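Notes to accompany the following structure.
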Amino acid sequence: MRKILFLLFIGSQFSLLATPADTVRVRKGELLILKDTIFAPSADTQIVVRNLDYQLKGNPYQNSQKFYDRMREISGKNKITARLFDLLYVEESAQSEFGKNPESRNSIEPFLPYEDLRVGKITIRHVDILQGDVNDTLRRATAYYAKAANRIHMNTWNSIIRNTITIHSGEQLNPYTVADSERLLRRLQFIQDARIYVEQSADNQEADITVVVQDRFSYGLRFDVDAINSIESRLINRNIAGIGKYASASYIYDGRSEDKHGYSFQAGGQQIGKLIANIRLNHTNINTRKEWGAELDKPFVSPETKYGGGVDIRNIADSVLQFDGLREHVGYYRLNYQDLWIGRSVALPTKYQRQNITWTARWLRSKFMNRPFVSADSNNSYYSRNLLLTELSISSQKFMKTNYISSFGISEDIPMGYRLSIVGGKDFNEFYTQDYIGFQIFFSTYFVNWGYILLNQEVGTFQNGPANRGVFKTNINYFSPLFDVGNYYLRNFFKFSFVKGIDQPVSSNISLEDRIRDLQNSNFPGNSAISFTVEQVTFTPWYFYGFRFAPFVYYNVGEIWDYREDRSFSHGYQGMGGGLRIRNESLAFSTLELRVTHFITGQNLEKSTVFSLSSTMPINFNNIFRFKPTIAAFR
């Protein structure tokens, strides 16, 4: 695809401009260039083109391809050299629509020329999960392992695809709706990539839609190693029989605890019929943690979503309390937990700003059976309570289509816009009643030649209780434009975090463990913390049976301090390191990360150099448009 898009750059020099025709014969080695699509068939092909200008041009890279074909023929005479050739030679594939110049762009740009046309026929097309390409539907797998994987894979049912997209025949084409449909498909954990093509009819009145989908291989394995005595493995099927439902099983070994073995089961999906909603059932038995849970969550996935809501029911026994961003290590407890929320969104009359006013309400009930000691001024996280929250938000929601953020070349959808929220509520706990008031500001945008920035400011306080306890938080996330150096792509990332407690009691603390990478067992609690991370990632052309590689280096620095009552201390940490991320976009498991961190400064460190092997999750920007009411967590 890089070579093909390069031809677009010199396309102005092509002299052969064909006139519209019904059927075009494209020979092997030729390029058929349409308005927004290029076809480079591997064999002679007939393509129907209706009322579109096109260009036919010989492929100037055909000679080099013949060279590689000849090399394949020679190496194929010996099994060892044939295997080496398959490992070292990567067939040119349009891994991204961005090609050789992967610039970020507004997600609606390809669909603006067809605005207000009537939507005609909607066709769904699947491409091979390995060596297939949503940007060239004529590509077919050639490697033996790819053919084998494609044969045993079951494609996602077309009904799942149709229930996900928001385009309907007979309606007027809205560029935002089409872009949302692409994004909603890519949001599914079993979809690798998706593209929607629009073709204008002969009478210029209708727009026929082709939805091209590339699945991920449904089976995957996640593997985390923390030091040498803690191992977690997880087997998952993300798309059982193509119906869009998943199931997973995990095994955990922890040599540091008495109960060294544990397990976890999960099942669920991201859709129930035509309802775009997350459903999850889970059971966990890991060390001291035993949990049964069921969850249904219908988020506001686009500005056109009118209603949202969900329910979360859990029964938990553990020694670590964690929900809504809160995490505390105090003592063993047993908890019955019910969480219900509902909301309504109204679109404001703006065509291109996509502004909404959204109201949501939430009821959270937690009933502790066993727990650590509690009193009116201690361990308030373990109070049995009924918490009522409501949120009023105004937002503007758009998306940028880019790549090479957390993936290796496929399309990624990054939010742009803002959300301003006011959160109010009342806490009815077993000792007293208190009011809550909070504010949230999210803002994100992309500056050409400068990069993407996401700003988040939160403040929230409880009032009318024993103290006006609260928190002030600032977060900044940034990534640079993509720099290309030959066949390598480089991107820089920056993250800043600041949190300060407001009249928090001495019994409530935060730490740097979640802010400084690989900081372990050095939990100096405090009332305020600041940290930042800078990271440089290189996306390489290295290729091994579908796996791609991205080396990275990083530097972390942070400080925590506390001046409450008679306390007066601060502790700082600096760490630097690097590693390698390995990812196969066609497979279901997360990115595998090999990493080493060396701490330059720090107190009471168990180890100054830490090695780790883990499965990392992609960067998540979705909190900007998450409308479920939450308190600003002191963590």
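Keep in mind the model is a prediction, meaning the values are calculated, not measured. For reference, positions follow the sequence shown, starting with 1.
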message: For Gln270 and Tyr246: C-alpha separation, side-chain torsions, deciding distance, then whether side chain to side chain contact (heavy atoms under 4.5 Å, CB included) applies.
response: CA-CA 9 Å; Gln270 295 175 275; Tyr246 69 86; 5.8 Å; no
- prompt: Quick one: is the NZ or CZ of Arg419 closer than 6.0 Å to the six-membered ring centre of Phe627, and within 45° of its axis?
  reply: yes
- prompt: Does a side-chain heavy-atom distance below 4.5 Å link Ser366 with Leu335?
  reply: yes
- request: Measure the NE2-CG distance between His126 and Asn155 for me, rounded to the nearest 0.5 Å.
  value: 5.0 Å
field: Test item: Val596 and Thr609 side chains (from C-beta on) under 4.5 Å apart, heavy atoms
entry: yes
message: Under a 3.5 Å distance rule, please check whether Asn386 uses its side chain to pair with a backbone N or O of Trp363 as donor and acceptor.
response: no
Ser181 side-chain N/O to Thr166 backbone N/O, donor-acceptor pair under 3.5 Å: yes
- request: Could you check if a side-chain atom of Arg362 sits within less than 4.5 angstrom of a side-chain atom of Thr630, using non-hydrogen atoms only?
  value: yes
message: According to salt bridge (charged side-chain N to carboxylate O under 4.0 Å, His left out), who are the partners of Arg280, at least two apart in sequence or on a separate chain?
response: Glu295
task: For Glu458 and Lys473, indicate whether the former's side chain and the latter's backbone hold a donor-acceptor pair under 3.5 Å.
output: no
task: Answer whether the closest heavy-atom distance between the side chains of Gln214 and Val212 falls below 4.5 Å.
output: no
field: Cationic tip of Arg491 above Phe539 ring, under 6.0 Å, 45° of axis
entry: no
message: Pair Arg581, Val537 - check side chain to side chain contact (heavy atoms under 4.5 Å, CB included), show working.
response: CA-CA 9 Å; Arg581 296 190 181 111; Val537 183; 3.6 Å; yes
query: Ser264 side chain to Ser250 main-chain N or O, any donor-acceptor pair under 3.5 Å?
result: no
field: Non-hydrogen atoms of Arg216 and Ile191 that approach each other most closely
entry: NE-O, 3.5 Å
- request: Test side-chain hydrogen bond (donor to acceptor under 3.5 Å, both in side chains) on Tyr337 and Asp339 and set out the steps.
  value: CA-CA 7 Å; Tyr337 175 85; Asp339 188 355; 3.1 Å; yes
message: Return the CZ to OH distance between Phe494 and Tyr555, rounded to the nearest 0.5 Å.
response: 11.5 Å
message: Can a donor-acceptor pair be found, under 3.5 Å and without considering hydrogens, that links the side chain of Glu412 to the backbone of Ile405?
response: yes
message: Within a 6.0 Å radius of atom NZ on Lys245, are there more than 12 heavy atoms belonging to other residues, nucleotides or ligands?
response: yes
Sub-4.5 Å side-chain heavy-atom contact between Leu364 and Leu389: no
Thr597 and Tyr554: CA distance, side-chain angles, deciding distance, side chain to side chain contact (heavy atoms under 4.5 Å, CB included) verdict: CA-CA 9 Å; Thr597 301; Tyr554 57 89; 2.3 Å; yes
task: Please check if the side chain of Arg162 supplies one atom and the backbone of Ile122 the other of a donor-acceptor pair under 3.5 Å.
output: yes
message: Just verifying a value: how many Å separate Leu184 CG and Ser302 OG, rounded to the nearest 0.5 Å?
response: 6.5 Å
task: Please check if the side chain of Trp341 supplies one atom and the backbone of Asp297 the other of a donor-acceptor pair under 3.5 Å.
output: no
- request: Kindly give the heavy-atom pair with the smallest separation between Leu185 and Val211, and that separation in Å.
  value: CD1-CG1, 3.6 Å
message: For Ser218 versus His153, what's the shortest heavy-atom pair and its separation?
response: N-ND1, 4.3 Å
- prompt: Which heavy atom of Phe547 sits nearest a heavy atom of Phe549, and at what distance?
  reply: O-CE1, 3.5 Å
- prompt: Quick check: are there more than 12 heavy atoms from other residues, nucleotides or ligands sitting under 6.0 Å from CD1 of Ile342?
  reply: no
task: Report yes or no: is the cationic atom of Arg183 (NZ for Lys, CZ for Arg) closer than 6.0 Å to the six-membered ring centre of Phe399, at no more than 45° off its axis?
output: yes
task: Work out which heavy atom in Phe479 is nearest to a heavy atom in Met400; give both atom names and the distance.
output: CZ-CE, 4.1 Å
field: Point-to-point distance, once rounded to the nearest 0.5 Å, from CD1 of Ile236 to CZ of Phe190
entry: 11.5 Å
message: Quick check against the 3.5 Å criterion: does Ser444 have a side-chain atom that pairs as donor or acceptor with the backbone of Pro415?
response: yes
message: Within this structure, what is the CG-CG distance for the pair Leu387 and Asn429, rounded to the nearest 0.5 Å?
response: 9.5 Å
- prompt: Within a strict 4.5 Å, meaning less than it, do heavy atoms of the Phe217 and Leu130 side chains meet?
  reply: no
- request: Just do the salt bridge (charged side-chain N to carboxylate O under 4.0 Å, His left out) check on Lys628 and Asp312 with the steps written out, would you?
  value: CA-CA 12 Å; Lys628 180 180 179 179; Asp312 184 1; 5.4 Å; no
query: In terms of ring plane angle, is the pair Phe368 and Tyr333 parallel, tilted or perpendicular, where the classes change at 30° and 60°?
result: perpendicular
field: Side chain proximity check, Asn477 to Tyr452, heavy atoms < 4.5 angstrom
entry: no
- prompt: Taking the side chain as C-beta and beyond, is there a heavy-atom pair between Val178 and Ile167 under 4.5 Å?
  reply: yes
query: Would a distance-only check, ignoring hydrogens and angles, find a side-chain to backbone donor-acceptor pair under 3.5 Å from Asp215 to Thr156?
result: yes
message: Looking at every non-hydrogen atom in both residues, tell me the closest pair between Asn336 and Met369 and how far apart they are.
response: ND2-CE, 3.5 Å
query: Could you go step by step and tell me if Arg595 and Phe552 meet the side chain to side chain contact (heavy atoms under 4.5 Å, CB included) rule?
result: CA-CA 9 Å; Arg595 182 175 72 239; Phe552 63 96; 4.3 Å; yes
message: Any carboxylate oxygen within less than 4.0 angstrom of a Lys/Arg side-chain nitrogen, looking at Arg195 and Asp193?
response: no
- request: To the nearest 0.5 Å, tell me how far Ser248 OG sits from Arg238 CZ.
  value: 8.5 Å
message: With a 3.5 Å distance limit and no angle check, can you tell me whether Arg186 reaches the backbone of Ala194 through a side-chain donor-acceptor pair?
response: yes
